[in-house]
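A short worksheet on the structure shown next.
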Number of protein chains: 2
Amino acid sequence: MGRRKIEIKRIENKSSRQVTFSKRRNGLIDKARQLSILCESSVAVVVVSASGKLYDSSSGDDISKIIDRYEIQHADELRALDLEEKIQNYLPHKELLETVQSKLEEPNVDNVSVDSLISLEEQLETALSVSRARKAELMMEYIESLKEKEKLLREENQVLASQVTMTTISSALEAN
Amino acid sequence: MGRRKIEIKRIENKSSRQVTFSKRRNGLIDKARQLSILCESSVAVVVVSASGKLYDSSSGDDISKIIDRYEIQHADELRALDLEEKIQNYLPHKELLETVQSKLEEPNVDNVSVDSLISLEEQLETALSVSRARKAELMMEYIESLKEKEKLLREENQVLASQVTMTTISSALEAN
DNA sequence: GGAACTATCTATAAAGA
DNA sequence: TTCTTTATAGATAGTTC
């Protein structure tokens, strides 16, 4: 639906790719908005440009709610570590709290409650370090993907550089 | 773009709402696919229907990678820290410690160990949050530097590509 | 200055009622 | 399927950083 039909393949011209990206991204987000209103649903759209810039939108509900919903669905896939953690770490703490509290109500307190507190602290630390580790992991993954991209670019670069050399030499030879 | 114009508001008829949902959802996902191919980007779409059913699609990369990318971007904005904060909210352990302390302040208790526990915990928390923040900061800096490097490579690449074109054209001209 | 990105306009391909 | 409305290609101008 434009001046002419285009094939669905990477647009080679950088600036028209950029223009198309911006236009179609807006179009997509508007379609998402319409779907959400027309059919009372929630839609989240996340777009990452080639340059790594992030664009997101949501309609019908908060994007984090929609993503949470996605993560709940895929809980088995380790992505929902989040939820798993809540279940695995939060519950024992609750129990532990109750234990500590009940211990406190007993007459001869000290050692037991201090021990419980230490253990609570340790469990809490574990839970926190898991979520921290998850964040670090996400960042590391991202760093790896950037490094990979860099490597590919360097390779492409080298091919191009040798092409320049070759064509220059051959045209010099032809000149003689 | 149908037989007649429709207003963007909830479709009241249940069955046509259902039909529209299905058609537009597919259309949206296809548009996402096209955007990703045309502009070498990654697009994730998550749709939750009114009945709670989940539909998702991704193009250009795995949906979890795209969502990870979203979460990294919003790391400061609390989504990645989510759990950490939630745990801290669910477990007001500082208050608990204070409660314990006040309970223990009654006759014949080991005050010293509780005091040192509280102080230890506070110090630990401070140290951890500082080093955590510092680590995240360093990683973000690193990510920025990688992005910058990528940008430079892309530019260099483009220069080389145009050189190849130029020399090819000029040697073709010389041949005539 | 310059690269990256967005806005505007019109003709037309394509979505969808 | 039909056939109207809409999205968007292409070109270019403007904006932001």
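Below, all heavy atoms of this structure are taken into account, side chains as well, without hydrogens, waters or symmetry copies. Note that the structure is a prediction, hence the values are computed from the model and not measured.
Atom pair A:Lys5:NZ and C:dA11:C1' shows a separation of 17 Å (rounding to whole Å applied). Taking atom CG of B:Leu28 as the reference point, atom C1' of C:dG16 lies 14 Å away to the nearest angstrom. C:dA15 atom P lies 17 Å from atom CZ of B:Arg25, rounded to whole Å. Distance B:Glu156 CD to C:dA3 P: 15 Å, rounded to the nearest Å. Here the C1' atom of nucleotide D:dT5 and the CD atom of A:Gln34 are 12 Å apart, to the nearest Å. Remark: C1' of C:dA4 and OH of A:Tyr55 are 9 Å apart, rounded to the nearest angstrom.
For a distance-only test at 3.5 Å, the side chain of B:Arg4 fails to qualify as a donor-acceptor partner of the base of D:dT5. If you check distances only, the side chain of B:Lys23 does reach the base of C:dA17 with a donor-acceptor pair under 3.5 Å. Residue-to-nucleotide contacts include no donor-acceptor pair under 3.5 Å from the side chain of B:Arg3 to the base of D:dT5.
Residue A:Gln18 places none of its side-chain N or O atoms closer than 4.0 Å to OP1 or OP2 of D:dT12. For the pair A:Ser51 and C:dC5, the criterion of a side-chain N or O lying under 4.0 Å from OP1 or OP2 is met. Listed pair B:Lys31 / D:dT8 meets the phosphate criterion, a side-chain N or O lying under 4.0 Å from OP1 or OP2. Here A:Arg24 reaches the OP1 or OP2 of D:dA9: one of its side-chain N or O atoms lies under 4.0 Å away.
Residues A:Lys31 and B:Leu28 come closest through the heavy atom pair CB-CD1, 3.5 Å.
Within the 4.5 Å cutoff, no side-chain heavy atoms of B:Leu38 are placed close to those of A:Arg17. Residues B:Ser41 and A:Val48 are not in side-chain contact: their nearest non-hydrogen atoms beyond the backbone lie 4.5 Å or more apart.
Listed nucleotides: C:dA13, D:dA9, C:dG16. Nearest to the side chain of A:Ile6: D:dA9. Picking from D:dT5, C:dC5, D:dT8 the nucleotide with the shortest atom distance to the side chain of B:Met1 gives D:dT5. Among the nucleotides C:dA17, C:dC5, C:dT6, the one closest to the side chain of B:Thr20 is C:dA17.
Annotation: A:Tyr55 is not in aromatic contact with B:Tyr70 [ring centroid separation under 6.0 Å not met].
Looking at which nucleotide of DNA chain C each of A:Ser22 and A:Gly2 is closest to, the 5′-most match is held by A:Ser22.
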